[in-house]
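Inspection log for the structure reproduced underneath, given as structure tokens.
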Amino acid sequence: MSDAVAQQTEQQEPEIDLSIADAVIDKYIDIPGNLMPVLQGVQDEYGYIPHVVADHIAERLNVYPSQIYGVLTFYAQFHLKPRGRFIIRVCVGTACHVSGAPRIVETFFDKLGIGHAETTPDLRYTFEKVACLGACGMAPLAMVNDDTFGKMTVQKVDEIIAEYNQRPMK
């Protein structure tokens with residue numbers, strides 16, 4: 001990462017406590033092939049992988065930052081931007097699509113004011129369209145974190161948002 005890009009990235013991110021990342025790194029530091037568990041552990045702690053932490057991991061594991069960013073950008077499980085406390089996923093696979101998923105997606109967009117792969121400014125919600133959630137018999141299907149909502153309707157969107165608006169942020 002160039003100095004200008006690194007400087008711009010650091011200006012956009014809030015101050016990050018690297019001791020949290022150090023605790024994860026220390027757990028795996030002597031284990032061969034430790035990059036994936038370190039990245040997964042760090043993401044579990046921060047909710048995403050801040051750029052400054054990715055650079056710190058590279059330094060601590062003695063690997064090039066490009067190796068870290070190569071892994072982070074290859075695997076969809078890793079996120080370089082903060083995500084919402086509640087991850088809403090709506091299946092847009094064939095069964096869900098023909099059962100009304102596009103209307104469900106548009107309703108979430110309208111109600112939350114965000115689009116696909118976006119996060120609300122208060123970090124409460126991240127919305128994602130996904131290819132298949134593997135429950136075609138419940139189509140159209142939505143999930144909020146690990147909670148499943150089958151036979152979705154536009155009215156259920158309001159109920160889900162009302163329910164999760166009541167929940168604490170952490």
In the structure I gave you, are the side-chain heavy atoms of Asn145 and Arg85 within less than 4.5 Å of one another anywhere? yes
Tell me, with the steps shown, if Gln43 and Gln77 meet side chain to side chain donor-acceptor pair (under 3.5 Å). CA-CA 9 Å; Gln43 183 164 277; Gln77 68 176 299; 5.6 Å; no
Derivation and outcome, side chain to side chain contact (heavy atoms under 4.5 Å, CB included), residues Lys129 and Phe108: CA-CA 11 Å; Lys129 295 187 293 183; Phe108 272 115; over 6 Å; no
I'd like to know whether CD of Gln67 has more than 12 heavy-atom contacts from other residues, nucleotides or ligands below 6.0 angstrom. yes
Should the heavy atoms of other residues, nucleotides or ligands under 6.0 Å from CZ of Arg103 be counted, would the total exceed 12? no
Any side-chain to backbone donor/acceptor pair from Lys111 onto Glu106? Under 3.5 Å, distance only. no
So which atom in Ser99 and which in Ala95 form the shortest heavy-atom distance, rounded to 0.1 Å? OG-O, 2.8 Å
Mind checking the CG-OG1 spacing from Asp110 to Thr107? Nearest 0.5 Å is all I need. 6.5 Å
Heavy atoms of other groups near Asp122 CG, more than 12 under 6.0 Å: yes
Before you tell me yes or no, could you show the steps for Thr126 and Arg83 under side chain to side chain contact (heavy atoms under 4.5 Å, CB included), namely the whole-Å CA-CA distance, both residues' side-chain angles and the distance that decides it to 0.1 Å? CA-CA 6 Å; Thr126 294; Arg83 294 169 46 89; 3.7 Å; yes
Can you hop from Ile25 to Leu39 via hydrophobic side chains spaced under 4.5 Å? yes
Please tell me whether Val157 and Ile87 are part of a single hydrophobic cluster in this structure, the criterion being side-chain heavy atoms less than 4.5 Å apart. no
Tell me whether Tyr48 shares a hydrophobic cluster with Leu18, the cluster being built from Ile, Leu, Val, Met, Phe, Trp, Tyr side chains joined at under 4.5 Å. yes
Under 4.5 Å between any side-chain heavy atoms of Thr119 and Ile114, yes or no? no
Aromatic rings Phe86 and Tyr125: how do their planes relate, parallel, tilted or perpendicular, breaks at 30° and 60°? tilted
Does the Arg89 side chain pair with the main chain of Met143, one donor and one acceptor, at a distance under 3.5 Å? no
Gly150 and Leu141 have their tightest heavy-atom pair at CA-CD1, 3.8 Å
Please assess Leu61 against Tyr28 for the test side chain to side chain contact (heavy atoms under 4.5 Å, CB included), listing each intermediate value before the final yes or no. CA-CA 10 Å; Leu61 296 183; Tyr28 297 101; over 6 Å; no
Between His51 and Tyr69, is the gap from one ring center to the other below 6.0 Å? yes
Please test Thr73 against Leu80 for side chain to side chain contact (heavy atoms under 4.5 Å, CB included), starting from the C-alpha separation and ending with a verdict. CA-CA 8 Å; Thr73 56; Leu80 290 165; 4.3 Å; yes
Could you tell me which non-hydrogen atom of Val154 sits nearest to which non-hydrogen atom of Ile104, and how far apart they are? N-CD1, 3.7 Å
Measure the shortest side-chain to side-chain distance between Asp44 and Val24 over non-hydrogen atoms and say whether it is less than 4.5 angstrom. no
Short side-chain to backbone donor-acceptor contact, Glu128 and Ile88, under 3.5 Å: no
Counting only N and O atoms by type, is there a donor-acceptor contact under 3.5 Å from the side chain of Tyr75 to the main-chain atoms of Met36? no
With no hydrogens and no angle check, is any side-chain donor or acceptor of Thr120 less than 3.5 Å from a backbone partner on Arg124? yes
pair Asp22-His56: side-chain heavy atoms closer than 4.5 Å: yes
Report whether Leu112 and Phe149 are members of the same hydrophobic cluster (ILVMFWY, side-chain heavy atoms less than 4.5 Å apart, transitive linking). yes
Quick check on the hydrophobic clustering: are Val53 and Leu123 connected, directly or via other members, by side-chain heavy-atom contacts under 4.5 Å? no
Taking all heavy atoms of Ala54 and all of Leu72, pick out the closest pair and write down the distance. CB-CD1, 4.0 Å
Regarding Asp147 and Arg167, does a basic nitrogen lie under 4.0 Å from an acidic carboxylate oxygen? yes
Does Glu159 use its side chain to pair, donor to acceptor, with the backbone of Lys156 at less than 3.5 Å? no
